[in-house]
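A short write-up of the structure that comes next.
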Protein chains: 2
Amino acid sequence: MRTMSEAREGRATGALEEVAVAEGSPIAELVPRVAEGTVVILRNANGSRRAVGLGLGLRTKINANIGTSADASDLEEELRKLDVAVEAGADAVMDLSTGGDLDEIRRAILGASKVPVGSVPIYQAAVRARRSGEGMVHMTADDLLGAVRDHAEDGMDFVTVHCGVTREVAEHCRTSKRLADVVSRGGSFLMEWMSYNHAENPFYERYDDLLDIAAEHDMTLSLGDGLRPGALADANDSAQIAELTVISELVERARDRDVQVIVEGPGHVPLDLVESSVHLEKSLCKGAPFYVLGPLVTDVAPGYDHIGAAIGGAVAAAAGADFLCYVTPAEHLRLPTLDDVREGVYTLRVAAHAADIAKGVPGAREWDDRVSRARKALDWDTVLSMSLDPDRARTIREASLPADDELCTMCGEFCAVRKMTDVRGSEGE
Amino acid sequence: MRTMSEAREGRATGALEEVAVAEGSPIAELVPRVAEGTVVILRNANGSRRAVGLGLGLRTKINANIGTSADASDLEEELRKLDVAVEAGADAVMDLSTGGDLDEIRRAILGASKVPVGSVPIYQAAVRARRSGEGMVHMTADDLLGAVRDHAEDGMDFVTVHCGVTREVAEHCRTSKRLADVVSRGGSFLMEWMSYNHAENPFYERYDDLLDIAAEHDMTLSLGDGLRPGALADANDSAQIAELTVISELVERARDRDVQVIVEGPGHVPLDLVESSVHLEKSLCKGAPFYVLGPLVTDVAPGYDHIGAAIGGAVAAAAGADFLCYVTPAEHLRLPTLDDVREGVYTLRVAAHAADIAKGVPGAREWDDRVSRARKALDWDTVLSMSLDPDRARTIREASLPADDELCTMCGEFCAVRKMTDVRGSEGE
């Protein structure tokens, strides 16, 4: 009962039906999109978490990265981040842990999450290799595929696999004289591995085996951009586009096997290139859902990278990107705290919603109109309770209450909204 | 020695020379742009604050609104906000005070500010009328023009005047069945005044007198959009465009008198309409510098309106907007605190810088490249000290220091940057 196979027979799985309800989309519209691959449904065959749809015509979704590192490997803290992310409205989370007991952490997050969970299994393989004392370059292809299988069997809904970092693509990267070279962890592991072993990327060479694992568990493959630009200067260079070209062929091969697939995108991208980079992915990869990290529209703003990601993410999503990986104020500086996670999710939700209005997702604008009608009526309870983050809106307002509780301390008695109500009243309207 | 008159004779005033140095632009390029009105130089003839240029080819600037209200009228606090805004990098401030002793507050801010100061003199006239017990509808045309003159004589560098809210435009607004009607304070005062007095907007009817005052003091007029949309539903409606059309004619009349003029813009605008609304202003108003408030790309995010403004502002500025009015997290909820002011300025600076890169402002991208080169070299001191807000970046990083101080707690030993340095080293590069 694979989602894509069923859709190609014109049938909806339970997961697809669940997405249709959540999106308010007719099943009859979703089925052909899943069949052609322009919509994917995140849910492992063994999973029981919420099914989430990504792609054409659907609401833009937000992913929150959580997980430990060697410097900060407290499982309880990561489970709290999961809760905070989901409460703030994250549609999915990725466990990117590289510290502590990775199996325990992964299973705990999979067990606790109400939303789809993704991972990057090469981290697991790399940590295992490092802890074994052999070093990452001695990982075998079986080690890498084995990590993917472990995650699939545990019920992972989607996994990032950097299949497009081939030796040829790596050569483009070496010759293109990048400013920031490779900034993807998975990408850098594979670059090192290929360089040391003089061998092809196992995720590329054994892509059919990867498809077998994904097919067996109805797990979505997220084709990672190991060579995503890590500086504006590297955006849209030959290495990035060469990798995307390889990825586009892998998208076709996945679809031929009824494996659902999404494509990951940049990264650091100047604002004037964001829209065209989405259009390129959509045309090259035949409408595969696009999952972007940011993109960040400046390199100079550590501490405010969530802002840069909101700008880039909104423009990307309005142009057709489907899934935004959040960026927190801690990006480039440290592992995020609980507050960073919350701020990151809400910030990217502003971007996603703005994009949904722009691209005409059904129902998106109605929310704004309802809030604005309440604002016009000076109905503060409704404005606050219907706002994106009612707790935050209420806290800010209540920190400085006006003398007249129908108004606010910015304009006070000079409130334009109240004045116009008076004017219209005297006009007899 | 008016800036525009001199430029039309091919000469540069001291203020223009100052801007040329600050922007790294040749005087020979700036002079014709000031002459044609596509660049304005903010500086009252009596002013001694920093001269700031707005317009074609120049860096996108940020304005921070400060000022009291009836509910919060502490001059010292507003002076602290001025300091915070300028330290954070605001290029100009506007004093929008409506509470306390307005003359004292205005003069104190003018005296203390290092950057150009703007105001909305109709607030002063309205407050005077209200305190006199007569009520705002009994203000005379002389009261309104008199407030503008008072501000000009005190050295105000630019003033917002809602000249385009004519009776005909008001009629468009009445018939267009807006969701949020008029949300500009100045606009609502004039709507009430015209409705009660059955008379034309004095700022329109006596526009020549206004030009006399501006000309005498070399004060820039900022033609306010009294009917800017206050909800996405009202964006680009007939009222807004009718007002902009009137404003475009007033731009020509100002230029005919060698008065520098900028145009104010929305407001609440869906992301897909932001770019075209900037293009409309630029074509209709013959390249007059465009000063936008936001625009906010959603109505649902009180508490996060600075995020919506960063998205809308970045896209607007990339399309040609020249001057972004900041929006703080307190927008729609209360008067901003010091922290709100700081957050608002830095947030909009991310937007402005991203736009400057996109529109190719000379030198903009070099900053990013320098930061990225330092990041690539794991040169943390340089990354932090050259970043947008070094204090914030340092504080975030130092809250969670890694075991290896060359790295950070997100990736730790799996740092892609370090790994690639090793890979390239082993490749003999």
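First the proteins, then the strands, lettered A, B, ... as listed; each starts at 1.
Only the side chain of B:V371 comes within less than 4.5 Å of a heavy atom in chain A; its backbone stays farther off. For chain A, the nearby parts of B:V127 are the backbone and the side chain; heavy atoms of each come within less than 4.5 Å. Looking at B:Y123, there are no atoms closer than 4.5 Å to chain A (heavy atoms on both sides), in backbone or side chain. In this structure, the portions of A:A233 lying under 4.5 Å from any heavy atom of chain B include both its backbone and its side chain. The parts of B:A351 that come within reach of chain A are both its backbone and its side chain, each placing non-hydrogen atoms under 4.5 angstrom from that chain. Within the 4.5 angstrom heavy-atom criterion, only side-chain atoms of B:R130, from C-beta onward, approach chain A. If you measure heavy-atom distances from A:D299 to chain B, the contacts under 4.5 Å come from both the backbone and the side chain. Only the backbone of B:S184 comes within less than 4.5 Å of a heavy atom of chain A; no side-chain atom from C-beta onward does. No part of A:V274 comes within reach of chain B, as not one of its non-hydrogen atoms sits under 4.5 angstrom from that chain. There is no contact between B:R349 and chain A, counting heavy-atom distances below 4.5 Å. Looking at A:R394, there are no atoms closer than 4.5 Å to chain B (heavy atoms on both sides), in backbone or side chain. With a 4.5 angstrom heavy-atom cutoff, A:L273 does not touch chain B via any of its atoms. Heavy atoms closer than 4.5 Å to chain A are found in both the backbone and the side chain of B:P329. Heavy atoms closer than 4.5 Å to chain B are found in both the backbone and the side chain of A:A330. B:L96 does not touch chain A: none of its heavy atoms, backbone or side chain, sits under 4.5 Å away. Of the atoms belonging to B:H332, heavy atoms from both backbone and side chain fall under 4.5 Å from chain A.
No other option in B:D181, B:T68, B:V417 has as many heavy-atom pairs under 4.5 Å with chain A as B:D181.
A salt bridge does not link B:K419 to B:D422: none of the charged nitrogens lies less than 4.0 Å from a carboxylate oxygen.
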- Item | CA sep, side-chain torsions, deciding dist, call: B:C415, B:D404, side chain to side chain contact (heavy atoms under 4.5 Å, CB included) | CA-CA 11 Å; B:C415 175; B:D404 179 339; over 6 Å; no
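Note that CD1 of B:I357 and OG1 of B:T60 are 10.5 Å apart. Values are rounded to the nearest 0.5 Å.
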